[in-house]
Amino acid sequence: MAEPTVLVLGATGNTGSKVLRMVRAEGTRALAATRRPEAAAAAGVSEAVRFDWHDPAGHAAALEGVERIYLVSPLGVAEPRPVIEPFLNTAVAQGVRRVVLLSSSAVADAPTGLGALHALVKETVPQWAVLRPSWFMQNFTGDHAVAHAIRGDGEIVTATGDGKVAFVDATDIAAVATRALLDERPHNTDHVITGPEALGYAEAARIVAEVSGRPTRHVAVEPGELRERLTAMGIPSEFAAVLAGLDEDIRHGAEDRTTDTVQRVTGRAPRSFRAFAEAHRAAFAPAPAA
Ligand SMILES: NC(=O)c1ccc[n+]([C@@H]2O[C@H](COP(=O)([O-])OP(=O)(O)OC[C@H]3O[C@@H](n4cnc5c(N)ncnc54)[C@H](OP(=O)(O)O)[C@@H]3O)[C@@H](O)[C@H]2O)c1
């Protein structure tokens, strides 16, 4: 059988960029979906195709010759099903057989919202996997509020209290995704993906402080105060309430568990938070003054 071609959505993002690299490293053709293929090409990404969730007219062209998809849903869209359903129907009509959906451990199966995508993928595509990772370690290093706080005043403000999170490296998520995309036998299952240990934000802050040599601490606030702080930062109030609610779930223990998914699916152990922090030490340095 001919090798499948994989379309990687979010190919310039946290997990997609790593999925792209790993799939290609196995000798399989992978197209990098991005809204700005010229910028991706200039940055050295080959076979970049134009893809914008909000421009459905371009979807059929991006799907040409594609058999498998790594699907990162549109960011910040509370009700993504009306955007994703027509895309999946077009994909299946054009020959797509397998979809690996990036969801979240914080998202349960539901009739609406992100949780509605789980059933949609299972019903629409013959071969599938739903990835349900815990919170990304990359939130401490990239463009996330936690990372900005670390590079700024060193105060990570959450409403998680003493609740623990089994933070996971996006590279480990991508490794699971790669197996779900390329294994001959489709996984047809949900994968709850965690790092090797659950840590409170205070413990994570302590590790960042030890590794970076810069004062870093967790400031625990009540959900209402977090909501107000997020709104003051320009986050729409509805989304601020969702984010505060997720912190409350963590406070109540929703993310205080580890799974063996990374080891079982990829054959190697997930990276610890300390090892991740040590490998990304430079990302904790204060941003240079503009
Ligand atoms: N952060 C966490 O702790 C966490 C935990 C569990 C699950 N998740 C889930 O992970 C997913 C990704 O989150 P992330 O923060 O890591 O983002 P990310 O993958 O880094 O997202 C950015 C990517 O999205 C693409 N993108 C943005 N708008 C697009 C559009 N309109 N059309 C097509 N592509 C678009 C960007 O591509 P271009 O700019 O190149 O077009 C870029 O590649 C989310 O669904 C989130 O729920 C996150």
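The analysis underlying the following values was restricted to heavy atoms, covering all of them including side chains, and did not include hydrogens, waters or symmetry mates. In each ligand, atom 1 is the first atom listed, and ligand 1 is the first ligand listed.
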Any luck finding a side-chain donor-acceptor pair between Arg35 and Thr12 under 3.5 Å?
->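 Thr12 and Arg35 do not have a side-chain donor-acceptor pair below 3.5 Å.
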
Classify the side-chain pair Glu197/Thr258 by whether it contains a donor and acceptor separated by less than 3.5 Å.
-> no

Please determine whether residues [X] and [Y] belong to a single hydrophobic cluster, defined as Ile, Leu, Val, Met, Phe, Trp and Tyr linked transitively by side-chain heavy-atom distances below 4.5 Å.
{"X": "Val168", "Y": "Ile156", "result": "no"}
{"X": "Tyr70", "Y": "Val45", "result": "yes"}
{"X": "Leu20", "Y": "Leu131", "result": "yes"}

Checking a contact table here: which protein heavy atom is nearest [atom], and how many Å away?
{"atom": "atom 42 (C) of ligand 1", "answer": "Thr12 OG1, 3.3 Å"}
{"atom": "atom 32 (N) of ligand 1", "answer": "Trp53 N, 2.9 Å"}
{"atom": "atom 10 (O) of ligand 1", "answer": "Leu102 CD2, 3.3 Å"}
{"atom": "atom 14 (P) of ligand 1", "answer": "Asn14 ND2, 3.9 Å"}
{"atom": "atom 39 (O) of ligand 1", "answer": "Arg35 NH2, 2.7 Å"}
{"atom": "atom 7 (C) of ligand 1", "answer": "Ser103 O, 3.3 Å"}
{"atom": "atom 25 (C) of ligand 1", "answer": "Gly10 CA, 4.1 Å"}
{"atom": "atom 31 (N) of ligand 1", "answer": "Asp52 OD1, 3.0 Å"}

A side-chain contact here means heavy atoms from C-beta on lying under 4.5 Å apart; do [X] and [Y] qualify?
{"X": "Ile207", "Y": "Leu199", "answer": "yes"}
{"X": "Arg97", "Y": "Arg68", "answer": "no"}
{"X": "Val130", "Y": "Leu102", "answer": "no"}
{"X": "Glu228", "Y": "Met233", "answer": "no"}

Does Asp172 come within less than 4.0 Å of Arg268, counting only side-chain N to carboxylate O?
->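 Yes, this pair counts.
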
Under 4.0 Å from a heavy atom of [X]: which atoms of ligand 1 are those, numbered in the order shown and with their elements?
{"X": "His54", "value": "31 (N)"}
{"X": "Ser134", "value": "5 (C), 6 (C)"}
{"X": "Asn139", "value": "1 (N), 2 (C), 3 (O)"}
{"X": "Thr34", "value": "38 (P), 40 (O), 41 (O)"}
{"X": "Ala11", "value": "43 (O)"}

Judged by heavy atoms only, the candidate from Thr15, Leu71, Leu75 nearest atom 21 (O) of ligand 1 is Leu75

Nearest heavy atom to atom 8 (N) of ligand 1 wins, so pick from Phe51, Phe136, Phe140.
->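 The option holding the nearest heavy atom is Phe136.
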
Closer than 4.0 Å: a protein non-hydrogen atom to atom 46 (C) of ligand 1 = no

Does ligand 1 come near enough to [X] that some N or O of the ligand is less than 3.5 Å from an N or O of the residue?
{"X": "Ser105", "value": "no"}
{"X": "Trp135", "value": "no"}
{"X": "Gly13", "value": "yes"}
{"X": "Arg36", "value": "no"}

Give a yes or no on whether the backbone of Ala275 and the side-chain of Ser272 come within a donor-acceptor separation of less than 3.5 Å.
-> yes

Assess whether salt bridge (charged side-chain N to carboxylate O under 4.0 Å, His left out) is satisfied between Glu67 and Arg98, documenting all intermediate values.
-> CA-CA 7 Å; Glu67 207 230 294; Arg98 186 181 295 194; over 6 Å; no

Scan Phe276, Phe284, Phe273 and name whichever one has a ring pair (Phe, Tyr, Trp, His ring centres under 6.0 Å) with Phe140.
->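 One option only clears the test, and that one is Phe273.
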
State if Pro74 counts as touching ligand 1 under the rule of any non-hydrogen atom under 4.0 Å.
->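 False for this residue.
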
